[in-house]
Structure formats: C-alpha cells, structure tokens
Amino acid sequence: MASTSQLCIRRWTTKHVAKWLREEGFCDYVDILCNKHRLDGTALLALTEYDLRSPPLEIKVLGDIKRLMLSIRKLQKQHVSVLEELGLSIEPAALSVTSSPAPDWLCNGDLTKDLDAHGTESSVEPHQYSNGKHKHPQKRLDPEYWKTAISCVYVFIVFGFTSFVMVIVHERVPDMQTYPPLPDIFLDSVPRIPWAFAMTEMCGVVLCYIWLLVLLLHKHRSILLRRLCSLMGTVFLLRCVTMFVTSLSVPGEHLQCSGKLYDNMWAKLQRAFAIWSGFGMTLTGVHTCGDYMFSGHTVVLTMLNFFVTECKFNLNYVNLRVTPGSLERQTQAEEGASTVVSL
C-alpha cells in the first residue's frame, strides 16, 4: 500500500484513513471511523466537529474531539484544491483572524451586492461555528410601512362601522319592563361600586399611554402597530356581527336605557360620529346602550395588556454592518434584551 503522504487523498480507502489515524495517535477511533462507518479520504476531509459530537459517532472525550479536529484541519489545509473541487470550505476557526470587510445590510434584510474586479457579484458565506453548525446571518425585518398604513386605515374604518352598528343596536335595545336584567349570582351578591366603570376606562387610558411609549421605543414599531391594528379591527368587526345578531337585556337597573329612534339617516351618522370621536367612553361623554353582547372595553383592555406585556423592548436601533465573526455575539446580545414577533 502506498504511503498516505504520497497518495492523493481522494484515492484514500478506509485502510489509508486507518493508517493516518494511527500515525496521528487516534488508534482508539480506527474501528468506529473506518471499520464501522467506512470513512475514506473524501469523507475524512468533509468531517466536522459537529459530526464527531453528534450521532452516530457521539465521541464523548472532549480532548480527543479537539485534537482530532486539529489534525483534520491540517489535512484540509494541505488539500485546499480538493476541498474546492468538492464544494467544501475550511472552517473559519482554521483560518487567520483577518477577514474581508464586513458586508452591508439593506433594510429589507438583503446583502448589498459588491462587484469584484471582474464585475461579478460577490456573496458572503454563512457563518460556521467551530462545532460544525452553520448559522446564516439574520435578516433585518422590512418595516413595510405601506402595510402599516393599510392596517391603520382598516381599523379606523372598522371603528366607524362599529359606531354605526351601535346606533342601530341602540334602537333595538329590549324594554326593561318586558326583559328585566338577567340574574347573576356574583353581581347580585355584592354591592354596586359607582366609580368602578370609570376606573376601568382610566386603566384603559393608562395602558394606551404605556403602549404608545413601547411603540415609540421599540425597534420594530411599524410591525407592532400594524399587528395591533389588524387584530383590533378584526375583533371589533366580529363584535359588530354579534351585537347586531343578538340583543341582550340591560344588565342592571341602574342603567337608564331605552330604545332611541332617529328621524333620518343623517341623524344616525351624526350619532355614530359622536361615538367614534369619543372612543365610546363615558369619560368623553359618550353613553351607549345595547352593546352588551360583546364588550368593547374588555376587548381594548385585553388587547392592550397583551401587547404591553408580550412586546419587550428592543432598543438596538442601528447596527447595519455585521461580520460573520461578530454575528454570534450580536445575536446573543439581542436575544437577551429583545423579542421578535410575527403575523
């Protein structure tokens, strides 16, 4: 058998690999690598630290893993041309510290296309960790402001439509003498708190201001805003359907509600605009009846509380230049202080 140093590594058989392992001092792994898994020269060149750690090899001795990978990297450096023919590359850990200039990232997450001396586009290889795993650079999320604008228009239209449906529902509110309030074990057992409803609206206002602060400081404010508008608009659209289909009786005798008829369509539109501009809150002087099937206050409080508590701050505003060597550290820092969220 020819010497392993003289024979092209692409022609190495399992016996040549076994001889090389013995020469490098890895006799204990000859059986598992060569006899059991039949590694030849090409497979040896393609071997990574991740392969050594993962099934089916699962080498448990860390020192042996590191020493074997150092020997494989030396072998890879000696056969760079063979690696290029196979479409493989040497792991970054085996290269020198100096690297090419960092690529520029566009706001939509794409890399800027640089032209080399021949006028061809150059690309950036994904970062590969020393354990053999690859991590592709994370793309920057495109804010897509046009989607945000559409969602804002959508929620404003839905709020206006909801206000008009509330006017229609008010005309159909059941008479309290014919349909008294439904019995409730809890509410009938505790005394009524006059300021409770006003306090509920105050909590909603406070949550709204907190949400605006979160939106102002968040890195992906455009995405969060369109998500809130899309969800809020869709839920309120469903609320319109349920209110129109089912009319519940007035929930308490303390509420003075009765069916109110409007003379014409213009009067209904004026009333709907008053509800819409006052956000349907008693704090702004708006008093509505008949919308008891689907509480709008509950929807707003629940949605704002969800967005405030789930959307954590991400104050890393601008970091447009990312190098493969610093990508792992940047990702770990962002994961420790941020979120990202999807619709």
Side-chain angles (χ1 to χ4, degrees), residues 155-212 214 227-262 267-311:
V155 74
F156 275 107
I157 293 176
V158 170
F159 283 169
F161 182 69
T162 302
S163 301
F164 184 77
V165 172
M166 292 174 67
V167 174
I168 303 300
V169 170
H170 195 172
E171 294 181 340
R172 301 169 50 225
V173 62
D175 181 54
M176 294 184 63
Q177 302 297 329
T178 308
Y179 301 97
L182 297 175
D184 188 285
I185 296 178
F186 178 76
L187 295 180
D188 292 342
S189 303
V190 296
R192 174 178 170 269
I193 304 175
W195 49 265
F197 192 76
M199 184 57 62
T200 301
E201 293 187 342
M202 286 298 300
C203 291
V205 173
V206 171
L207 280 174
C208 184
Y209 281 116
I210 295 175
W211 163 244
L212 291 177
V214 172
R227 287 178 178 175
L228 177 68
C229 292
S230 301
L231 291 175
M232 193 81 77
T234 303
V235 173
F236 267 82
L237 197 60
L238 176 62
R239 178 172 179 256
C240 292
V241 177
T242 56
M243 285 192 306
F244 184 78
V245 171
T246 305
S247 296
L248 292 181
S249 57
V250 180
E253 295 181 356
H254 61 282
L255 296 174
Q256 301 299 323
C257 286
S258 60
K260 186 175 181 180
L261 298 177
Y262 296 91
K268 294 180 181 179
L269 291 176
Q270 285 183 321
R271 176 57 180 167
F273 179 77
I275 296 175
W276 180 80
S277 59
F279 300 102
M281 297 192 303
T282 57
L283 292 179
T284 59
V286 176
H287 178 70
T288 60
C289 290
D291 55 333
Y292 307 119
M293 183 64 185
F294 201 141
S295 172
H297 288 69
T298 304
V299 171
V300 173
L301 287 173
T302 304
M303 199 74 71
L304 288 177
N305 179 70
F306 173 77
F307 272 85
V308 168
T309 56
E310 295 299 325
C311 299

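We number each residue from 1, following the sequence as shown. These numbers come from a predicted model, not from an experiment.
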Original post:
Going by heavy atoms in the side chains, are P174 and V250 under 4.5 Å from each other?
Top reply: no

Original post:
Hey, does F164 have a side-chain heavy atom less than 4.5 Å from the side chain of R271?
Top reply: no

Subject >> Min side-chain heavy-atom separation K268-I168 under 4.5 Å >> reply: yes

**OP:** Mind checking side chain to side chain donor-acceptor pair (under 3.5 Å) for T284 and listing every partner two or more places apart, or none if nothing turns up?
**Re:** none

**OP:** Determine whether T282 and F197 make a side-chain contact, defined as any pair of heavy atoms from C-beta on separated by less than 4.5 Å.
**Re:** yes

Original post:
Side-chain contact, heavy-atom cut-off 4.5 Å: S163 with F273?
Top reply: no

Original post:
Would you say M166 and V169 make side-chain contact, with heavy atoms under 4.5 Å?
Top reply: no

Original post:
Does E201 reach the main-chain N or O of L283 with its side chain, forming a donor-acceptor pair under 3.5 Å?
Top reply: yes

**OP:** Enumerate the residue pairs fulfilling salt bridge (Lys or Arg N to Asp or Glu O under 4.0 Å) with a member in residues 235-245, sequence neighbours excluded, ordered by first and then second residue.
**Re:** R239-D291

Original post:
Are S249 and L182 close enough that some pair of their side-chain heavy atoms sits under 4.5 Å apart?
Top reply: yes

Original post:
Would a line drawn from the ring center of W276 to the ring center of F159 be shorter than 6.0 Å?
Top reply: no

Subject >> D188 side chain vs D184 backbone, donor-acceptor pair below 3.5 Å >> reply: yes

Subject >> Flag side-chain contact, heavy atom, 4.5 Å: V205 against F279 >> reply: no

Original post:
From F306 CZ over to L301 CG, what is the distance, rounded to the nearest 0.5 angstrom?
Top reply: 15.0 Å

Original post:
Which atom names give the shortest non-hydrogen contact between L207 and V308, and what distance separates them?
Top reply: O-CG2, 4.1 Å

**OP:** Under the side chain to side chain donor-acceptor pair (under 3.5 Å) rule, collect the residues that match up with S277, sequence neighbours excluded.
**Re:** none

Original post:
Just one of V165, L248, L238 clears the side chain to side chain contact (heavy atoms under 4.5 Å, CB included) bar with M243, so which one?
Top reply: V165

